[in-house]
Colleague: 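Below you'll find the structure I mean.
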Amino acid sequence: MNTTVSCELHLRLVVSSESSLPVPAGLRYDTADPYAVHATFHTGAEETVEWVFARDLLAEGLHRPTGTGDVRVWPSRSHGQGVVCIALSSPEGEALLEAPARALESFLRRTDSAVPPGTEHRHFDLDTELSHILAES
């Protein structure tokens, strides 16, 4: 039986050092995909952008800078509040988002309750995943 943990957040898209825009977002963790957190960023009335992060990347980013390439995560402060900065890079552009640290930490604690860190392999069906990959080829 799979368990799903979800969370709705209000992120800030950093436009400049003095300006940011609100970005509603949803995070979803499914024990069927125990290494990943799926993020949906609501960028317009009907528009969304989907990203998938390693759960470990987000967890480590709560405490120290981590990540290379397309996704980098680090703790910071904004207006006196703890935030987690998430820098995204793709061929379509770059974005710097600030997530409330407490909300992200709470979400990750709930994912840890569903699948404790280090036990992901017990929830991962390698044969099924290989079948999906080979079927797409």
Side-chain angles (χ1 to χ4, degrees):
M1 183 171 132
N2 293 336
T3 300
T4 301
V5 177
S6 59
C7 173
E8 296 296 320
L9 298 170
H10 292 282
L11 308 180
R12 302 296 302 174
L13 173 65
V14 177
V15 179
S16 70
S17 60
E18 296 85 29
S19 178
S20 64
L21 299 171
V23 177
L27 300 179
R28 184 178 48 79
Y29 177 80
D30 190 327
T31 58
D33 190 5
Y35 294 99
V37 171
H38 297 258
T40 302
F41 303 107
H42 302 278
T43 58
E46 298 293 323
E47 299 173 34
T48 61
V49 175
E50 305 281 333
W51 279 76
V52 179
F53 305 102
R55 177 174 69 157
D56 289 348
L57 178 77
L58 292 176
E60 188 173 336
L62 285 169
H63 307 288
R64 68 189 61 78
T66 188
T68 58
D70 295 347
V71 181
R72 293 176 293 119
V73 184
W74 65 93
S76 189
R77 296 196 69 73
S78 178
H79 306 300
Q81 301 294 316
V83 296
V84 176
C85 295
I86 303 170
L88 306 174
S89 178
S90 77
E92 288 80 32
E94 297 182 355
L96 175 59
L97 298 160
E98 293 178 343
R102 285 185 184 168
L104 184 57
E105 187 172 27
S106 174
F107 168 75
L108 289 169
R109 267 197 311 271
R110 291 187 295 135
T111 71
D112 290 351
S113 293
V115 177
T119 67
E120 294 89 351
H121 65 282
R122 295 182 194 155
H123 299 267
F124 189 74
D125 185 349
L126 183 59
D127 292 333
T128 299
E129 293 304 316
L130 284 173
S131 295
H132 289 294
I133 291 169
L134 294 174
E136 294 173 2
S137 299

Colleague: Does a donor on one side chain and an acceptor on the other come within less than 3.5 Å for Arg12 and Ser78?
Modeller: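 Arg12 vs Ser78: no donor-acceptor pair found between side chains.
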Colleague: If you define the side chain from C-beta out and look only at heavy atoms, does anything of Pro22 sit under 4.5 Å from His10?
Modeller: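 Not in contact.
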Colleague: With the side chain counted from C-beta on, respond yes when Phe41 and Leu97 share a heavy-atom pair under 4.5 Å apart, and no when they do not.
Modeller: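 In contact.
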Colleague: Within the structure provided, determine whether Ser76 and Val83 are in side-chain contact (heavy-atom separation under 4.5 Å).
Modeller: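 Yes, their side chains come closer than 4.5 Å.
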Colleague: How long is the straight-line distance from CZ of Arg110 back to CD of Glu105, given to the nearest 0.5 Å?
Modeller: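 These two atoms lie 12.5 Å from each other.
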Colleague: Verify side chain to side chain contact (heavy atoms under 4.5 Å, CB included) between Arg55 and Tyr29, making sure each step is shown before the conclusion.
Modeller: CA-CA 9 Å; Arg55 177 174 69 157; Tyr29 177 80; 3.6 Å; yes
Colleague: Could you report the tightest heavy-atom contact between Trp74 and Pro65, atom names first, then the distance?
Modeller: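 So the minimum-distance heavy-atom pair works out to CB-CA, 3.7 Å.
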Colleague: Taking all non-hydrogen atoms of both residues into account, name the closest pair between Ala95 and Leu13 and its distance.
Modeller: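 Scanning both residues, the minimum pair turns out to be CB-CD1, 3.9 Å.
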Colleague: Under 3.5 Å, side chain of Ser106 to main-chain N/O of Ala103, donor-acceptor pair present?
Modeller: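 Pair absent, no side-chain N/O of Ser106 close to backbone of Ala103.
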Colleague: With side chains defined as the heavy atoms from C-beta onward, is the minimum distance between Leu11 and Pro100 less than 4.5 Å?
Modeller: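 Side-chain contact under 4.5 Å: yes.
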Colleague: Using 0.5 Å steps for rounding, measure from the CG atom of Leu58 to the OG1 atom of Thr66.
Modeller: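 OG1 of Thr66 is found 9.5 Å from CG of Leu58.
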Colleague: Go through the steps to decide whether Leu9 and Leu27 satisfy the test side chain to side chain contact (heavy atoms under 4.5 Å, CB included), and finish with yes or no.
Modeller: CA-CA 8 Å; Leu9 298 170; Leu27 300 179; 3.5 Å; yes
Colleague: Check whether any side-chain heavy atom of Thr48 sits under 4.5 Å from a side-chain heavy atom of Thr43, and report yes or no.
Modeller: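 Counting from C-beta outward, Thr48 and Thr43 never come under 4.5 Å.
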Colleague: Applying side chain to side chain contact (heavy atoms under 4.5 Å, CB included) to Thr40 and His42, what does each step give before you reach the verdict?
Modeller: CA-CA 6 Å; Thr40 302; His42 302 278; 4.0 Å; yes
Colleague: Give me the atom names and distance for the closest heavy-atom approach of Gly61 to Val84.
Modeller: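 For Gly61 versus Val84, the nearest heavy atoms are O-CG1, 4.0 Å.
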Colleague: Do His38 and Asp30 meet the criterion of a side-chain donor-acceptor pair at a distance under 3.5 Å?
Modeller: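 Result is no, nothing qualifies.
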Colleague: Would a hydrophobic clustering, with Ile, Leu, Val, Met, Phe, Trp and Tyr connected at side-chain separations under 4.5 Å, put Leu88 with Val14?
Modeller: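 They do not share one cluster, since no chain of ILVMFWY contacts under 4.5 Å joins Leu88 to Val14.
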Colleague: So how far is it from Cys7 SG to Arg28 CZ, rounded to the nearest 0.5 Å?
Modeller: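 The CZ atom of Arg28 is 13.0 Å from SG of Cys7, to the nearest 0.5 Å.
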Colleague: Any sub-3.5 Å donor-acceptor pair from Thr31's side-chain atoms to Pro34's backbone N or O?
Modeller: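 Flag not set: sc Thr31 to bb Pro34 has no pair under 3.5 Å.
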Colleague: For side chain to side chain contact (heavy atoms under 4.5 Å, CB included), just list the numbers for Arg72 and Ser89, CA-CA rounded to whole Å, side-chain angles, deciding distance to a tenth of an Å, and then say yes or no.
Modeller: CA-CA 9 Å; Arg72 293 176 293 119; Ser89 178; over 6 Å; no
Colleague: Could you tell me whether the side chain of Leu108 reaches within less than 4.5 Å of the side chain of Leu62, counting heavy atoms only?
Modeller: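 Yes. Closest side-chain heavy atoms under 4.5 Å.
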Colleague: Any side-chain heavy atom of Asn2 within less than 4.5 Å of one from Thr4?
Modeller: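 Not touching, per the 4.5 Å side-chain cut-off.
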Colleague: Taking the side chain as every heavy atom from C-beta outward, state whether Val73 and Phe53 have any pair of such atoms under 4.5 Å apart.
Modeller: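 Answer no - side chains too far apart.
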Colleague: Using modelled atom types only, decide if a donor and an acceptor are shared between the side chain of Arg102 and the backbone of Gln81 within a distance under 3.5 Å.
Modeller: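 Checking the backbone N and O of Gln81 against the side chain of Arg102, no donor-acceptor pair under 3.5 Å is found.
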